[in-house]
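Bear in mind the structure is a predicted one, so any value in this text is a computation, not a measurement. The analysis underlying the following values was restricted to heavy atoms, covering all of them including side chains, and did not include hydrogens, waters or symmetry mates.
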Amino acid sequence: MNEENVLSMYLRLITEYDYLDYTEEELMEDFAEILAMAVATLQLQGIMEDNNYDMDLGFDDELTMKEVYLLANAAVLVWLEPKVKSAEMLAAQLTSTDFTQFSNANRLNACIKLYSQCESRLNNLILDYDRTQKLAELREELE
């Protein structure tokens, strides 16, 4: 159930029309890889280390809505990363004149800015989640 919640929130955060042609099984199969990378990304940053995720079995424990939202945003970054890398490579071949004259060059710029904004939002969510977890631990110790 957790994976479906993360997938649902993830789909609301992105625009990927190719997913409309997928069956539910294909969608979950494709998303399982994205989710695994998102979990690994968060765990490398020291967040949600106790939530184990297996692509076949799912999560060990039930996720909170905060964790679902955090994972959905991390999944958006995983989804965006290859697009941004190719946009950055293409943008490196363009001149400043291209960005003032052609809308496609400006779309590349917008894609790169979107990635930066998503990354910033995810970092803020991580800080908020981490602060909440530490406060909960501190309250537990004080009781």
Side-chain angles (χ1 to χ4, degrees), residues 1-96 98-99 102-143:
M1 183 65 176
N2 284 321
E3 296 78 23
E4 288 85 5
N5 291 343
V6 178
L7 174 61
S8 177
M9 201 167 287
Y10 162 78
L11 290 174
R12 294 182 194 290
L13 293 171
I14 67 164
T15 306
E16 179 63 80
Y17 297 112
D18 291 342
Y19 285 149
L20 294 174
D21 297 330
Y22 285 34
T23 65
E24 189 174 333
E25 189 175 283
E26 291 171 330
L27 183 59
M28 281 308 296
E29 187 177 302
D30 187 56
F31 182 67
E33 292 177 15
I34 293 172
L35 184 56
M37 291 170 59
V39 169
T41 300
L42 291 175
Q43 288 179 345
L44 286 171
Q45 296 182 29
I47 302 296
M48 297 180 64
E49 293 172 319
D50 55 339
N51 288 343
N52 294 322
Y53 174 70
D54 182 279
M55 287 175 59
D56 297 323
L57 302 174
F59 287 96
D60 289 346
D61 300 321
E62 197 67 27
L63 298 174
T64 66
M65 284 310 292
K66 222 178 226 187
E67 291 169 333
V68 168
Y69 188 64
L70 192 61
L71 282 166
N73 277 279
V76 168
L77 273 183
V78 169
W79 174 75
L80 266 176
E81 191 167 358
K83 294 170 181 13
V84 169
K85 290 203 186 299
S86 62
E88 286 174 340
M89 288 176 61
L90 187 55
Q93 298 173 2
L94 300 172
T95 65
S96 59
D98 293 321
F99 287 100
F102 302 105
S103 63
N104 285 339
N106 289 328
R107 286 184 190 153
L108 293 175
N109 222 7
C111 182
I112 293 167
K113 283 181 184 176
L114 174 65
Y115 182 81
S116 296
Q117 290 170 348
C118 286
E119 192 173 38
S120 176
R121 180 175 57 208
L122 180 62
N123 286 334
N124 288 336
L125 288 169
I126 287 170
L127 289 172
D128 184 48
Y129 179 82
D130 195 36
R131 186 176 26 242
T132 304
Q133 292 299 103
K134 287 184 180 172
L135 279 173
E137 289 172 10
L138 185 61
R139 283 188 187 124
E140 232 176 70
E141 286 178 20
L142 291 175
E143 291 175 359

**Request:** Output all residues satisfying side-chain hydrogen bond (donor to acceptor under 3.5 Å, both in side chains) with N123, sequence neighbours left out; order by chain, then residue number.
**Result:** none
**Asked** Are the side chain of S120 and the backbone N or O of S116 linked by a donor-acceptor pair below 3.5 Å?
**Response** no
**Request:** Could you tell me whether the side chain of L11 reaches within less than 4.5 Å of the side chain of L27, counting heavy atoms only?
**Result:** yes
**Message:** Measuring from atom CG of L44 to atom CD of E49, what distance do you get when rounded to the nearest 0.5 angstrom?
**Reply:** 9.0 Å
**Prompt:** Residues two or more places apart in sequence or in another chain: which of them pass side-chain hydrogen bond (donor to acceptor under 3.5 Å, both in side chains) with N52?
**Reply:** D60
**Message:** Quick check: closest heavy atoms across A75 and A38, and the distance to 0.1 Å?
**Reply:** N-CB, 3.6 Å
**Fill in**
Scanning both residues in full, the closest heavy-atom pair of A72 with M9 reads CB-CB, 3.8 Å
**Asked** If you draw a 6.0 Å radius around CD in Q45, do more than 12 non-hydrogen atoms from other residues or ligands fall strictly inside?
**Response** yes
**Under 3.5 Å: donor-acceptor pair, side chain of N73, backbone of Y69** = yes
**Request:** Nearest 0.5 Å please: distance from the OG1 atom of T41 over to the CD atom of Q43.
**Result:** 9.5 Å
Would you list the atom pairs, donor with acceptor, under 3.5 Å between side chains in residues 135-143 and any protein atom, with sequence neighbours excluded?
none

**Fill in**
Residue pairs passing the ring pair (Phe, Tyr, Trp, His ring centres under 6.0 Å) test with at least one member in residues 26-51, sequence neighbours excluded, are Y10-F31
**Request:** Enter the distance from I14:CD1 to I34:CD1 here, rounded to the nearest 0.5 Å.
**Result:** 7.0 Å
**Fill in**
Residue set satisfying side-chain contact (heavy atoms from CB on, under 4.5 Å) with T64, at least two apart, ordered chain then number -> K66, E67
**Prompt:** What residues form a side-chain contact (heavy atoms from CB on, under 4.5 Å) with E26, not counting sequence neighbours?
**Reply:** Y22, T23
**Request:** Begin with the C-alpha distance, continue with both residues' side-chain angles, and end with the deciding distance and a verdict on side-chain contact (heavy atoms from CB on, under 4.5 Å) for N51 and V39.
**Result:** CA-CA 9 Å; N51 288 343; V39 169; over 6 Å; no
**Request:** Could you walk me through whether N5 and L63 pass the side-chain contact (heavy atoms from CB on, under 4.5 Å) test, one step at a time?
**Result:** CA-CA 9 Å; N5 291 343; L63 298 174; over 6 Å; no
**Message:** As an exercise, state the distance from CG of L70 to CG of L42, rounded to the nearest 0.5 Å.
**Reply:** 5.0 Å
**Item:** Residues in ring pair (Phe, Tyr, Trp, His ring centres under 6.0 Å) contact with Y53, at least two apart in sequence or another chain
**Value:** F59
**Fill in**
On a heavy-atom basis, the closest approach of L80 and C118 is CD1-SG, 3.9 Å
**Asked** Nearest 0.5 Å, what's the CG-CG distance between L127 and L122?
**Response** 9.5 Å
**Complete:** By side-chain hydrogen bond (donor to acceptor under 3.5 Å, both in side chains), D54 pairs with (sequence neighbours left out) none
